[in-house]
There are 2 protein chains.
Amino acid sequence: MSRTLPPLNALRAFEAAARYESFSRAAEELGVSHSAISRHVRGLEARLGVHLFRDASRGVALTAEGAHYLARITPAFDVIGEATEGLADAPAGRVVVNSEPVFAAKIVVPLMAKFQRDLPDVELRLVGSNDLADLDRYEADLAIRYAKTGRLNEPSDLLSDAPIYPFAAPGYLRDDVLRPEHLTEVPLLRDRGPNIWIDWTAHAGFDVDVPDPPWRMRAALALEMAVHGAGVYLGASDVTHLDETAGRLVRVSDVGFRQGSFHLLTSGQAGRRKAVRSVRAWLLDHTTALRSG
Amino acid sequence: MSRTLPPLNALRAFEAAARYESFSRAAEELGVSHSAISRHVRGLEARLGVHLFRDASRGVALTAEGAHYLARITPAFDVIGEATEGLADAPAGRVVVNSEPVFAAKIVVPLMAKFQRDLPDVELRLVGSNDLADLDRYEADLAIRYAKTGRLNEPSDLLSDAPIYPFAAPGYLRDDVLRPEHLTEVPLLRDRGPNIWIDWTAHAGFDVDVPDPPWRMRAALALEMAVHGAGVYLGASDVTHLDETAGRLVRVSDVGFRQGSFHLLTSGQAGRRKAVRSVRAWLLDHTTALRSG
DNA sequence: CATCACTTGTGCAATTTATGCACAAGTGCA
DNA sequence: TGCACTTGTGCATAAATTGCACAAGTGATG
């Protein structure tokens, strides 16, 4: 194998500059400064030892060699671009979904078997994490994030805006009903953000000062504690549904309110892939029950 | 223009790894470590969101997508390689020659008009410099260097090993003959290296202690001083020939000796270009008279 | 079953390449 | 003459590439 290739990044700069016969225009297209283009092009010329451009009054002009080279390079790059985009058309492949952990555990994981049957060629990689995956950096194709109020800043699809209720293990409270005196007797569990128990007591009309516990934990842990009879969990009913159905949790009050929602974000780049679009559509199809209206 | 290309360096690593279905083999071909290949490939997979390889017991195996992609990418790279090598076949282009200054000024420059007629499509860029151009870093295509003794360490072509004689402006010495008493009366000019006047007096049989002047200068300046009647220059007759022919210098003794030589080095990369090979051949053709034997 | 050869994966740090900013120089036009 | 537009370059920063050393896995062999 005796093929030697020039520095490919410089070649890319050359190809763009040659198409426009302008370094500035090439810079715009590639999203870099003209200075980067100039350096790449001049470096390539020096390395190859030929003039690909000559000076023009405005911009640059291709030499005969430069024009001939461009005529060969552009189609080659087109092939590479098309082949790469062709991968996006494949219905198969791996799709990385970064999800808030409690949503991953309680909603997505139980759906995995069905997902496997419905989209057998897609390998779903589910990453439960509270860290915000950088979709622009290809850390994930799809991201499920929780917005405590309103919408997300980025374009997204609403997955769930299920109302918030208090839940406890069956038998944890007398008659499985939350009463005012309980609010100072038992641990009040929630996600570690603002104390939504204050909002709830206001809705319930309970005139009680809710103690703010000295510990913090995230929703997934708090929910597990409730399941194990260690307190009353206040949170969205989407993530409790699994344990309710299994009889591990009951709703201990009919007073609820809506605050916060889960959203699905799609990476701009990966979002063009058929496999990613399939997963997105599937997730939205299978979470319709979680959305109001 | 909506074409988007993957990171091209990673694509190159993929293509080599895919051909061999082995990261180690690809690493050998590209002259990097396997670890670089692995990172490139896995990065590309992550970015594209598809499996291009699956694990095999020994090495890696292409997935269907990977194989299909390879079948498109390899021909595109072949086109780029061939187009780039095609530039080398062009008889035109710029050729950079880095030359020791006195050789450049006295031998190459006077030949430029003939060069222009003989190779009109080649732009010769002559750089006179005592700095050693790094041929591996594309600083020059050809380099003319002086070896004070013997040969150069690198493969090279002998350009000139003309003997060393003393020269002065006509009339500077009585009867244009260098006598022993002159050696302590007039400035003895030479290149700034070891005092070759000591070698000369030994050859001439003059029992004189040659003074070592407190100044240093390079050959080109020393030669100009002699032309202007400011001393006697001792140096190789190749670089004095122009001024002799023009009557600006005469040889003032028949005693000469051989020491030192000019060599032509050719860059390995640029040396494959037709234009560079043409210049090299031309230079060797037009300097045959400077070589003994 | 243990050992070895071969292969890929990864933490960490060093090296190389790419890049932007700010200024300079050149050209054409009003 | 001044302005708009264009490319070139010193300097420094940012990003990508890379190697080293180790780890883990697989298959073959004695």
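Each chain gets a letter, A, B and so on, in the order the sequences are listed, and its residues count up from 1.
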Separation of atom [atom1] in [X] from atom [atom2] in [N], rounded to whole Å:
X	N	atom1	atom2	answer
B:E28	C:dC6	CD	C1'	13 Å
B:D55	D:dG27	CG	C1'	15 Å
A:L11	C:dT17	CG	P	17 Å
B:R58	D:dG27	CZ	C1'	6 Å
A:F23	C:dG20	CZ	P	15 Å
B:H51	C:dG9	NE2	P	12 Å
A:L30	C:dG20	CG	C1'	15 Å
A:E21	D:dC5	CD	C1'	16 Å

Output yes when A:E82 and B:R3 qualify as a salt bridge under the 4.0 Å nitrogen-oxygen rule, no when they do not. no
Check this for me: does any side-chain nitrogen of one of A:E29 and A:R19 sit under 4.0 Å from a carboxylate oxygen of the other?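 Salt bridge present between A:E29 and A:R19.
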Show me the side-chain donor-acceptor pairs of residues 64-74 of chain A shorter than 3.5 Å, one per line, residues at least two apart or across chains.
from, atom 1, to, atom 2, distance (Å)
A:Y69, OH, B:T84, OG1, 2.6
A:T74, OG1, A:E15, OE2, 2.7
A:T74, OG1, A:L70, O, 3.4

Under a 3.5 Å distance rule, please check whether B:E85 uses its side chain to pair with a backbone N or O of B:I80 as donor and acceptor. no
Going by distance alone, is a donor N or O of one side chain under 3.5 Å from an acceptor N or O of the other, for A:R42 and A:S38?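 Side-chain D/A pair, A:R42 to A:S38: absent.
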Pairwise 5' ranking along DNA chain C for A:A56 and A:A10, keeping only the more 5' one: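 The residue whose closest nucleotide sits nearer the 5' end is A:A10.
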Check this one for me: any side-chain N or O of A:N9 less than 4.0 Å away from OP1 or OP2 of C:dT19?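 Result: yes.
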Would you jot down, in residue-number order, the residues of residues 32-43 of chain B having a non-hydrogen atom under 4.0 Å from DNA chain C?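 By residue number: B:H34, B:S35, B:S38, B:R39, B:R42.
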Could you walk me through whether A:E100 and A:F262 pass the side chain to side chain contact (heavy atoms under 4.5 Å, CB included) test, one step at a time? CA-CA 9 Å; A:E100 196 276 333; A:F262 286 101; 3.5 Å; yes
